[in-house]
There are 2 protein chains.
Amino acid sequence: MPEEIPVPPWRRPKKAPPRMPLTQDRIVDTALGILDAEGLDALSMRRLAQELKTGHASLYAHVGNRDELLDLVFDLVLTEVEIPQPEPGRWAEQVKEMCRSLRRVFLAHRDLARIAIDRVPLGPNGILGMERTLNLLRSGGLRDELAAYGGDLLSTFVTAEALEQSSRHSGTEQSEEQAGMFADQLHGYLKSLPPTQFPNLVHLAGPITSLDSDRRFELGLEIIIAGLVAAGAGDDADDREPGIRTAGSTLPGS
Amino acid sequence: MPEEIPVPPWRRPKKAPPRMPLTQDRIVDTALGILDAEGLDALSMRRLAQELKTGHASLYAHVGNRDELLDLVFDLVLTEVEIPQPEPGRWAEQVKEMCRSLRRVFLAHRDLARIAIDRVPLGPNGILGMERTLNLLRSGGLRDELAAYGGDLLSTFVTAEALEQSSRHSGTEQSEEQAGMFADQLHGYLKSLPPTQFPNLVHLAGPITSLDSDRRFELGLEIIIAGLVAAGAGDDADDREPGIRTAGSTLPGS
DNA sequence: ACCTGAACACCGTTCAAGT
DNA sequence: ACCTGAACACCGTTCAAGT
């Protein structure tokens, strides 16, 4: 090998240059990839750096720390949530659609619920999601306090339900089968309890163990929405502050 | 020091013998102590062993692994939850009392909500709590499926709310002050958003940030209980299956 | 039977030094 | 300015060896 011969321009690689520069976007994208494929525990700074073919210390030039990285991953994934524009007469159904969309996103990304559960979504996409959620909730006539809290309550519910569902088939693969086996075992255990000491558990062994994730989710959604309506539609109905529901209308000041 | 002189019997320490034998109870008690004083992140097997003046490998003779230890700590603390015996005509109030008691337990033990959030309480005290919860819920006339799921929904709600409250003043001390400062900052931020793009966030900046933890909790409780009543008291009222609500009564078979 | 020391295979974060 | 290697101060779990 006598000398370095320069590579002619048409041979230079267009995509995948020798080393793509490290950016925050590239880090966050790769982190999400590891999360989906291997879960939260596998998403270490070192593993991530290895995937990016760099040293693990280099990451700290772009992300602060691991917790901040998870903030960014969470906010990125929030782009996938669909929040409907309010349509008259479909309030309850649209709230459900929104929650189902959020749930689908959780189930599509392994361990995302674990990331979301103790995080307030204050990134750009989180804020946008909050705005749209409030818009939808208020279109049903919820008074201010209930609209403000209702969004929190609903997203907490969806997150917790997704967390519980994904933690049932923890670690290993085989989602449905494992959940079923666990339910069967639990059913047998509850039925075997002394009925004088645990009459309710013995009696309800069936209902307790037969509720699958979808049914639990829809039931909880029904309950919370009914509760919101019962608590919030009573004292003011539809037309207390006309014209503040859609973007661009005039607002009363602070 | 020429020779070992034996200690006379009346001088031998009655309590705190040279080395109390390592037992599961002692391990779990000590773990709870570390949790309360220093939080979940400080509760490592090594730190725990140090507190017990033993090698960290010794713990594995009594607890399996760290996750199982946390199961045991969680179940231990569940003894502190008070679940009322049903009294006629006080159903909704008693459900609230139960949830408030659970909340107090979470707030009394640092990071307990983080332990509880992804755990099903299947230890002895967890099972007992489930039985009593179902007994109370059914006394209000909830149909089987709703009683079975209602307990889950309520405890998930209490846990998630406690988690959010404790994560607001994360790490460092100063609970109330930090929460207030954070709320003020958030209020300013929301107010500063472009009102044409974020009309609802700007309008609701007040309600969103002024809800303190107690108010949030009571509001959520109200909503869920109202939802349970709306969804479950409709199709069967008080007397469908007489006498199965209290321990000892006859039960229909499986 | 119970406990121990040592080892294995990891972590997140910092920082002086290089290019 | 950006990246790196090396170091610091930790982890949970296993296991052969001791008493």
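Just so it is clear, the structure is predicted and the values come from calculations on it, not from any experiment. Residue numbering restarts at 1 for every chain, and letters A, B, ... go by the order of the sequence lines.
Listed pair T54(B) / dT4(C) meets the phosphate criterion, a side-chain N or O lying under 4.0 Å from OP1 or OP2. Taking 4.0 angstrom as the limit, H56(A) places none of its side-chain polar atoms (N or O) nearer than this to OP1 or OP2 of dC11(C).
With a cut-off of 3.5 Å on both Watson-Crick or G-U wobble distances, the partner of dG18(D) is given as dC2(C). In this structure dT13(C) sits in a base pair with dA7(D), meeting the Watson-Crick or G-U test at under 3.5 Å.
Spacing between dA9(C) and dC10(D) at atom P, rounded to whole Å, works out to 22 Å.
Looking at which nucleotide of DNA chain C each of L59(B) and M45(A) is closest to, the 5′-most match is held by L59(B).
Following rounding to the nearest Å, D67(A) (CG) and dC11(C) (C1') show an atom-to-atom distance of 15 Å. Separating the CD atom of Q50(A) from the C1' atom of dG12(C) is a distance of 16 Å, rounded to the nearest angstrom. The CZ-P distance, from R46(A) to dA9(D), rounds to 15 Å in whole Å. As a whole-Å value, the separation of N65(B) CG from dG12(D) C1' is 9 Å. In this structure, the CZ atom of R47(A) is 15 Å from the C1' atom of dC11(C), given to the nearest Å. Separating the NZ atom of K53(A) from the P atom of dT4(D) is a distance of 13 Å, rounded to the nearest angstrom.
Of the candidate nucleotides dC11(D), dT14(D), dC3(C), dC3(C) has the atom nearest to the side chain of H62(B). Taking only side-chain atoms of R66(B), from C-beta outward, the nucleotide of dG5(C), dG12(C), dG12(D) with the closest atom is dG12(D). Out of dT13(C), dT13(D), dT4(D), the shortest distance to the side chain of A57(A) is found at dT4(D).
Within 4.0 Å (heavy atoms only), A61(A) reaches no atom of the nucleic acid at all. S58(A) comes within 4.0 angstrom of a nucleotide base, judged by non-hydrogen atoms across all strands.
Interatomic distance, CG of L221(A) versus CG of L154(A), reported as 7.0 Å (0.5 Å rounding).
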Applying salt bridge (charged side-chain N to carboxylate O under 4.0 Å, His left out), run through R103(B) and D214(B) and close with a yes or a no.
CA-CA 10 Å; R103(B) 178 171 184 247; D214(B) 292 349; 3.0 Å; yes
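Judged by distance alone, with hydrogens and angles left aside, the side-chain atoms of E80(B) form no donor-acceptor pair with the main-chain N or O of V105(B) at under 3.5 Å. Judged purely by atom type and a 3.5 angstrom limit, Y149(A) has no side-chain atom pairing as donor or acceptor with the backbone of L219(B). A donor-acceptor contact shorter than 3.5 Å links the side chain of D212(B) to the backbone of R215(B).
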